[in-house]
Protein chains: 4
Amino acid sequence: MTTTDSPQNGGRRPQRADARTNRERILTVAEEVFGKGGESASTEEVARLANVGIATVFRHFPTKAALLEAVLVQRFDRLRAQAEALLHATDSGTAFFDFFRLLVADATGKIAIGEALQQAGGNDSGDAARASDGLRRAVGALLQQAQRAGAVRDDAELPEVYALLVATSRASAHGRLEEEVRDRMLAIVFDGLAPRRASRRR
Amino acid sequence: MTTTDSPQNGGRRPQRADARTNRERILTVAEEVFGKGGESASTEEVARLANVGIATVFRHFPTKAALLEAVLVQRFDRLRAQAEALLHATDSGTAFFDFFRLLVADATGKIAIGEALQQAGGNDSGDAARASDGLRRAVGALLQQAQRAGAVRDDAELPEVYALLVATSRASAHGRLEEEVRDRMLAIVFDGLAPRRASRRR
Amino acid sequence: MTTTDSPQNGGRRPQRADARTNRERILTVAEEVFGKGGESASTEEVARLANVGIATVFRHFPTKAALLEAVLVQRFDRLRAQAEALLHATDSGTAFFDFFRLLVADATGKIAIGEALQQAGGNDSGDAARASDGLRRAVGALLQQAQRAGAVRDDAELPEVYALLVATSRASAHGRLEEEVRDRMLAIVFDGLAPRRASRRR
Amino acid sequence: MTTTDSPQNGGRRPQRADARTNRERILTVAEEVFGKGGESASTEEVARLANVGIATVFRHFPTKAALLEAVLVQRFDRLRAQAEALLHATDSGTAFFDFFRLLVADATGKIAIGEALQQAGGNDSGDAARASDGLRRAVGALLQQAQRAGAVRDDAELPEVYALLVATSRASAHGRLEEEVRDRMLAIVFDGLAPRRASRRR
DNA sequence: CATGAATGAGCGTTCATTCAT
DNA sequence: TATGAATGAACGCTCATTCAT
């Protein structure tokens, strides 16, 4: 990665690169800022930390909501990619649980993000909802695979599983949950997801 | 004997009835408003819906934060009372699960309230934190009883159990969770909390 | 002259005593409160420190301005009484300077009071202006006496002398003027007021 | 060399002209408004009279206090410059008195300004206090020069002289002092500051 | 295309004053 | 008559968004 990072570009030509760079830097900063302070964080702070003028932010994202949505889309897409990568893992039995753990750990301390997982679920009909759906479908695929592999009980369906995923990740995002507590919380959930009774283990 | 039922009323003090009514109406409305819109809801809306002037709200609660805190305290206390009532239930085995279900159902649609459960856990050293602690302790008592009765696995400790309670209630508060999905989500968690068949988990 | 001066007096029997007490306590407290914080001090604080309800303050003084005016009247009258007392002093030469010093010292730390001396001079046509005039006249009498006694230059007239009185008392009221500095400031003014050696000044 | 006279303008920066104009108009208006109504005048009135939105005022001065401070600094600096200019006057004997008169005349009708002279003396550790100190020092220099020139008595020290300056300028600012009265008031003070004839009484 | 100045609606809060008891 | 609750206008300040350069 070449880091041109110089914000005010003496040169005339390659402005496009700058714009792209700016857009990305804004997105990155926004994810951090909104992650930390929820959506109550100000757009101006995003601009400041991204080293761009406020108007530049609004040029790239016409609305604060649009910026938030872009952050979410990015996040959802990233998570979906991770989920899809795990679809091809050798041990398809544990892939589901790995992803569950990964998502929850990733959410730690990122307030608004966890929130958004939820809101985007039912809120917008926009891009974020679409991206959220993508993630949800990927999780569904992981779930099915795990069920086929006998690692997850057959009667667990996506809605409640997804709800649990969201719930635990939000708990991890907001609270002061220590890592150990978080793990024990997940252990309980995972036990609840384990195949019932007779056919134990894989 | 005056007929006023005002409890802290050593001497005479008329009209207190009106003030009490207002205070309670404000609290009720605030619970609803903040429940719906999070803490970003405006104090003025509370005033409007409570049919009082804005200054009246501030007379009763000197600060928006104080109003929010009062809402939380009220809520925590109410829940704690319910928890404590269940402590004396005949079937101490199911009391714990009943309360879990109750709390989660109660949270449905009340955004900020679920949030608050969490925030108050680590936030203030104020009344809300105290009330939150009270609830937590009551849940702890229910948990212990359930464990003694063999209805909950012994190795589950309060921190993770409480985290699950909070997580699922928030999921219920925010999302569009249908009742059926919510129940199935809880079923999974409850299975995870059930005593282990053999000697699982270390 | 019997001075029942209590304005609204339809009451039945002895209530008067209470009302009088309240009125006076309010006035006393108001002098202190406004003296300290200027007129920006709140009426409610006056009520609190006077141990009466806010409505009681407004019963006695229908307006904040009226309360302030009453404070001023009281103060002006008191000062006038002191000035008039000094009119009968044995050494009529120093009486003027004694009063000057007294007034300035009395103003120390009493922000709004000094201010009021001035404002009332040109402001209202109300009671305060009347009382202010009374004080001013008394000072005029002291000045004349001192001039007759040869203690003050003859060409000094009341307007500028009074202006100096007000100016120095305000300086004393507001600033951090140490006592010593205040005395040296007055010494200069007093020297300026002393009879001219030869035929100075025009 | 760009033609902009903006001092801190390393690179390019257009439109700054507008902002500067606004800033200055706000300051000017603020001096007038606060001069007239004291610090109780509202920031919104400043905005209105300056023909800018309220937010523009707050963009330039992040706080009402900051705006007030800027007004004071401007005023102090202006006065200090005048004082320093007089330091190089031919007749160093009368320079001191000229400045005294100038300052008092300048304060006429500007309520809060005179007040500020005083408050800034002991108040903030901020810019206003620094500027106030600068003025005070300049006055000190004028005083010393006048004393060396034999135009002011030697035993007069800065604290009391400055106190007199402040006192008389405030009197001039607040009261309805006619010009003639003001001059006679100053004449008395100036006589008090004149070198002592022989050995004056006690 | 990037900038930062400008904007106004809105928020939390205060306070003199009025009302009901 | 004394009380304290109620009120709304006003204030200082913030922020998403628009405008001019």
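OP1 or OP2 of E/dA6 has at least one side-chain nitrogen or oxygen of D/H60 nearer than 4.0 Å. Phosphate contact (OP1/OP2 of E/dC1, side-chain N/O of A/N22, threshold under 4.0 Å): absent.
Between D/R23 atom CZ and E/dG4 atom C1' the separation is 16 Å, expressed in whole Å. Atom CZ of B/F58 is separated from atom P of E/dG12 by 6 Å (rounded to the nearest Å). The separation between B/E39 atom CD and E/dG12 atom P is 10 Å, rounded to whole Å. Between the P atom of E/dT13 and the CG atom of B/L67 lies a distance of 10 Å, rounded to the nearest Å. One atom, CG of C/N51, and another, P of F/dA2, lie 14 Å apart when rounded to the nearest Å. Rounded to whole Å, the distance from CZ on D/R48 to C1' on E/dT7 is 16 Å. Look at CZ on D/R59: it is 14 Å from C1' on F/dA20, rounded to the nearest Å. For A/I54 and F/dT18, the CD1 to C1' distance is 11 Å, given to the nearest whole Å.
Among the heavy atoms of the strands lying under 4.0 Å from D/T56 is at least one base atom, whether or not backbone atoms are also near.
The side chain of C/T43 approaches E/dA16 more closely than any other nucleotide in the set E/dA16, F/dC15, F/dG8. Nearest nucleotide to the B/A55 side chain, out of E/dG12, F/dC15, F/dT7: F/dT7.
Position along DNA chain F of the nearest nucleotide to C/G53 versus A/T63 favours C/G53 as the more 5'-ward residue. Taking the nucleotide of DNA chain F with the nearest heavy atom to each of D/E44 and A/S42, the more 5' of the two is matched to D/E44. If you find the closest nucleotide of DNA chain E to A/V52 and to B/S40, the one lying nearer the 5' end belongs to A/V52.
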Step by step, would you call C/F34 with C/V46 a side-chain contact (heavy atoms from CB on, under 4.5 Å)?
CA-CA 9 Å; C/F34 291 145; C/V46 173; 4.2 Å; yes

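To the nearest 0.5 angstrom, B/T63 atom OG1 is 11.0 Å from B/L68 atom CG. Rounding to the nearest 0.5 angstrom, the gap separating the CZ atom in C/R23 from the OG1 atom in C/T56 is 13.5 Å. Rounding to the nearest 0.5 Å gives a distance of 13.5 Å between CD1 of C/I54 and CZ of C/R59.
When both distances must be under 3.5 Å, the Watson-Crick or G-U wobble mate of E/dA20 is F/dT3.
When each of C/R25, C/R75, C/K36 is tested with C/E31 by the rule salt bridge (Lys or Arg N to Asp or Glu O under 4.0 Å), just one qualifies, namely C/R75.
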